[in-house]
Protein chains: 2
Amino acid sequence: MAMGRGEATRERILAITEAAVLAKGFGATSIEEVIAEAGITKSGFFYHFRDKNELARALLQRYMERDDALLDDVFARGRELATDPLNGFLVGLKLLAETMADLPGGHPGCLVATYAYQERLFDRGVCELNQHIVFHWRARFRTLLEEIVEHSETKEPVDLDALADMVSTVIEGGLVLGRATGDPNILPKQLMLLRSYIKLLFEPATSAVH
Amino acid sequence: MAMGRGEATRERILAITEAAVLAKGFGATSIEEVIAEAGITKSGFFYHFRDKNELARALLQRYMERDDALLDDVFARGRELATDPLNGFLVGLKLLAETMADLPGGHPGCLVATYAYQERLFDRGVCELNQHIVFHWRARFRTLLEEIVEHSETKEPVDLDALADMVSTVIEGGLVLGRATGDPNILPKQLMLLRSYIKLLFEPATSAVH
DNA sequence: AGCGAACTGGACTTCCGGTACAGTGAATTC
DNA sequence: GAATTCACTGTACCGGAAGTCCAGTTCGCT
């Protein structure tokens, strides 16, 4: 990425802010501390972002792009390693769990959740972007699930949108519990339980012993 | 509850603050707006709470007690309506989903999650209480699950602590998604999917049509 | 009537978000 | 190489909110 001088500063501000926001929330992250760490002045900051809201939006945008790339990669690799869509999805979930487990200190948390619990702080644009991200997740996982149901039936009748949402639900919930307890292993374990559900739901019943 | 004059004011402050915190986060909730709504002065506020941190702790304490009472009730009723522990748990989950769905405007959100994403604002006592609540949930659901495994085996090998955590995970994740999208139905639906998992996991395979 | 709990009133400090605007060095363009 | 533009700096200021201090007041109970 060739970055101009301005772009590099903007990126530095975003990186510093993201760490701070995930560590202590958006409201508790002061512009002053960000500019102190970035080595710029307040005027410099407001040259790049009109206000804190614009910073929030840019941050969420950046977060979404990276998150998207990670999920693309994980589930594409899962699909490559497997012979059918169901197995691809299961491998993808396992890879995701491993990726989350391998992060030093655990996943730092999700900006979507951070924003969801501070909505009044933000303007409509930011809230809409947050909503869009969740719907984007839903569409992503639904696509994968639709490929699965073409090959195998579910043992219980389920709403595919809700099932797609369950992936996001488990990730968000796992992150909340992980943060609240300080245990980074909760998220990976929860992802493996979700995997177990998907497996039970789609795999033909085997009477085999484990 | 017979309340003294002081206790009533304290309770009023907590009720107003809880609504505000769930609506826009703790950082964005100013003491000034709380006292304005409560009709007291700043001095009056600081007579009851030393600082914002003590308010946070009292709020979380209150939240925990109510949450506890609700879960006690729901799963006790579930157990009464059913013949065995597994069915009792499944009915409890359904009752919980219905309770959440019946709340006007949906569940307002969970304070544990709110606090989890703003930890640096709080002192150790508050963070420890937050952690304690999650472990308390784990113990609660684990107890119920242990009764179930005494009667029926799981089809997949699962860690009971992780499975107990999954209830909290789905609730927290469902709330995050519900808040982010503005759709209060997500949480109930996710609870029903969790129910479906528990069912598949413990119920002997039936070849019956749904 | 008197005591203590539950406040009121007001003055003050610090920190932060945000505004305003004039100035400046480095790079790009003509 | 002069002009322009970008990417800032420096300074000064405002309003809101957390929090402190303390003196005074009202209410309920014994």
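Quick note on labels: first sequence line is chain A, next is B, and so on, each numbered from 1.
When distances run from any side-chain atom of B/K42 to the nucleotides C/dG18, C/dC7, D/dT20, the shortest one goes to D/dT20. Ranking C/dG18, C/dC16, C/dG9 by closeness to the A/E32 side chain, first place goes to C/dC16. Taking only side-chain atoms of A/K52, from C-beta outward, the nucleotide of C/dG18, C/dC16, C/dC7 with the closest atom is C/dG18. The listed nucleotides are D/dG19, D/dC8, D/dT9; the one nearest the side chain of B/I31 is D/dG19. With D/dT9, C/dG18, C/dA6 as the choices, the nucleotide that has an atom nearest any side-chain atom of A/F46 turns out to be C/dG18.
Spacing between atom CZ of B/F49 and atom P of D/dA18 amounts to 14 Å, rounded to whole angstrom units. Atom CG in B/D51 sits roughly 13 Å away from atom P in D/dC21 (whole-Å rounding). Rounded to whole angstrom, the span from the CZ atom of A/F45 across to the P atom of C/dC16 amounts to 14 Å. Taking atom CZ of B/F122 as the reference point, atom P of D/dA18 lies 13 Å away to the nearest angstrom. To the nearest angstrom, C1' of D/dG19 lies 14 Å from CG of B/L55. Between A/I35 atom CD1 and D/dG10 atom P there is a gap of 11 Å when expressed in whole angstrom units. Atom CZ of B/R10 and atom P of C/dA5 are 16 Å apart (whole Å).
Using a 4.0 Å heavy-atom cutoff across all strands shown, A/R50 reaches sugar-phosphate atoms only and no base atom. Within the nucleic acid shown, A/S30 comes within 4.0 Å of sugar-phosphate atoms alone, with no base atom in reach, counting heavy atoms only.
At a threshold of 4.0 Å, the pair A/K94-A/E98 does not count as salt-bridged, since none of the basic side-chain nitrogens sits closer than that to a carboxylate oxygen. The residues B/D165 and A/K189 are annotated as not salt-bridged, no charged nitrogen and carboxylate oxygen being separated by less than 4.0 angstrom.
For B/C110 against B/Y63, the heavy-atom pair with the smallest separation is CA-OH, 3.3 Å.
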Practice task
For salt bridge (charged side-chain N to carboxylate O under 4.0 Å, His left out), just list the numbers for A/R12 and A/E37, CA-CA rounded to whole Å, side-chain angles, deciding distance to a tenth of an Å, and then say yes or no.
Solution key: CA-CA 9 Å; A/R12 211 162 75 252; A/E37 206 179 324; over 6 Å; no

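Using a 4.0 Å cut-off, some side-chain N or O of A/Y47 falls inside it from OP1 or OP2 of D/dA7. For A/S43 and D/dT11, the shortest distance from a side-chain N or O to OP1 or OP2 is not below 4.0 Å. OP1 or OP2 of D/dC8 sits under 4.0 Å from a side-chain N or O of A/H48.
With 3.5 Å as the limit, one finds a donor-acceptor pair spanning the side chains of B/S196 and A/Y197.
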